[in-house]
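Data block below; observations after.
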Amino acid sequence: MSSFVDEFQANLEALPNILQKKYSLLRDLDKSLQEIQRQNEQRCEQEIEDIKQGVKAGNITPNTSLIRFSDEALDEQKHSIRIADEKMALAVQAYDFVDAHIQQLDQFLKLCDEDNRRERDTAAPALLASSLDGNTKSGRGSESGRGGRKKTRLIAAEEATETEVAVATTTANPTGTQLDLPVDPNEPTYCFCNQVSYGDMIACDNPDCKIEWFHFGCVGLKEKVKGKWYCSDCASLKNRRRGR
């Protein structure tokens with residue numbers, strides 16, 4: 001990647017000077033072509049006029065098969081064709097040269113995009129793991145299976161400014177609507193919205209809660225609750241049990 005970038009940058013820096021030389025040569029060829037064409041037109045007009053005068057004077061037989069331009073006029077026309085062909089070839093060279101740089105630019109952008117994608121994929125799990133608080137919920141730390149998911153999800157605000165990935169994982173959702181976030185298929189989901197962990201979350205104090213963790217916005221919370229808190233499902237279940 002590094003060698004390709006160095007070569008691409010070197011070629012890109014040389015591009016303006018090379019194109020300027022080619023365009024300058026094109027202008028010179030065009031100027032020469034116009035001059036030769038003007039000179040040839042004048043010569044041909046003069047020769048046509050001389051032929052007309054010769055026919056009138058009887059010095060030239062009015063036989064069109066025998067009337068022709070001079071060798072000088074024909075040589076000027078051939079020279080004009082050569083210059084026009086040279087202009088065309090030079091224009092094609094300039095076009096191909098620019099097109100080659102465009103293809104190199106496309107390849108460079110593709111490589112950069114792949115590198116950025118790999119960096120995001122590598123950084124996302126590490127940032128997610130670092131955002132987890134080591135404190136597990138009381139009474140659940142020894143449980144297997146779901147116990148590992150019972151970690152506090154309060155992420156420090158300063159971490160949200162470090163990278164775009166941290167911003168995507170820590171931005172709160174005050175309206176309780178689902179966020180359109182890229183989800184790792186292996187990453188667990190939480191809450192009634194069935195989304196991955198992000199922002200401030202609260203754990204249900206029912207040890208048998210099937211969902212366990214909830215986003216503040218989804219359950220109408222704006223700050224951490226003091227004391228025990230139960231989700232609406234577990235609270236209803238708890239009230240029914242009390243009614244018995």
Side-chain angles (χ1 to χ4, degrees), residues 1-41 73-132 155-173 177-189 193-199:
M1 176 65 178
S2 177
S3 60
F4 175 80
V5 172
D6 294 339
E7 181 182 358
F8 172 74
Q9 290 179 343
N11 293 337
L12 191 62
E13 291 175 357
L15 178 61
N17 291 332
I18 295 176
L19 289 178
Q20 184 177 6
K21 292 179 180 179
K22 290 184 179 295
Y23 293 152
S24 177
L25 183 55
L26 275 172
R27 286 193 297 269
D28 294 341
L29 289 174
D30 189 63
K31 183 177 180 181
S32 299
L33 180 60
Q34 291 179 2
E35 178 63 24
I36 293 176
Q37 288 177 335
R38 183 188 62 80
Q39 180 178 333
N40 185 254
E41 288 176 359
L74 296 176
D75 289 340
E76 288 174 348
Q77 294 174 3
K78 293 178 181 179
H79 188 45
S80 297
I81 294 175
R82 287 194 297 270
I83 294 178
D85 291 341
E86 190 174 352
K87 280 182 57 181
M88 179 63 69
L90 192 60
V92 171
Q93 290 177 9
Y95 174 86
D96 291 342
F97 192 72
V98 174
D99 184 64
H101 279 72
I102 292 176
Q103 293 181 14
Q104 279 189 329
L105 178 60
D106 290 339
Q107 186 178 0
F108 174 74
L109 294 176
K110 182 179 179 180
L111 291 175
C112 289
D113 184 63
E114 292 176 353
D115 284 346
N116 291 335
R117 188 180 296 108
R118 282 194 295 268
E119 290 178 1
R120 289 195 300 269
D121 293 343
T122 302
L127 289 171
L128 184 59
S130 65
S131 67
L132 298 175
I155 301 174
E158 60 270 15
E159 291 182 358
T161 61
E162 291 181 358
T163 62
E164 293 180 358
V165 177
V167 171
T169 59
T170 59
T171 302
N173 183 16
T177 58
Q178 295 186 3
L179 297 181
D180 186 14
L181 297 174
V183 179
D184 186 340
N186 298 321
E187 186 175 356
T189 56
C193 64
N194 197 30
Q195 294 286 320
V196 298
S197 170
Y198 62 84

Self-check item: Side chain proximity check, Glu114 to Arg117, heavy atoms < 4.5 angstrom
Solution: yes
Self-check item: Listed once per pair and sorted, the side chain to side chain donor-acceptor pair (under 3.5 Å) pairs that draw on residues 17-26, sequence neighbours left out
Solution: Lys22-Gln93
Quiz prompt | Side-chain donor/acceptor of Asp113 to backbone N/O of Leu109, under 3.5 Å | solution = no
Exercise. Kindly write out the residues that satisfy salt bridge (charged side-chain N to carboxylate O under 4.0 Å, His left out) with Asp96, not counting sequence neighbours, or none if the list is empty.
Key: none
Exercise. Can you sort out the partners of Arg38 under side-chain contact (heavy atoms from CB on, under 4.5 Å), two or more places apart, ordered by chain and number?
Key: Glu35, Gln42
Self-check item: Stepwise side-chain contact (heavy atoms from CB on, under 4.5 Å) check, Leu33 with Leu29
Solution: CA-CA 6 Å; Leu33 180 60; Leu29 289 174; over 6 Å; no
Practice problem: Would you please name every residue forming a side-chain contact (heavy atoms from CB on, under 4.5 Å) with Ile102, sequence neighbours left out? | Solution: Val98, Asp106
Practice problem: Provide the full list of salt bridge (Lys or Arg N to Asp or Glu O under 4.0 Å) pairs with a residue in residues 77-91, sequence neighbours left out, each pair given once. | Solution: Asp30-Lys87
Quiz item: Ile36 and Ser80: which non-hydrogen atoms are nearest, and at how many Å?
Solution: CG2-OG, 3.1 Å
Quiz item: If you round to the nearest 0.5 Å, how far is CD of Glu187 from CD of Gln195?
Solution: 10.5 Å
Quiz prompt | Residues that Glu41 engages under side-chain contact (heavy atoms from CB on, under 4.5 Å), provided they are two or more places apart | solution = none
Quiz item: Which pair of heavy atoms, one from Ile83 and one from Ser32, lies closest together, and at what distance?
Solution: CD1-CB, 4.2 Å
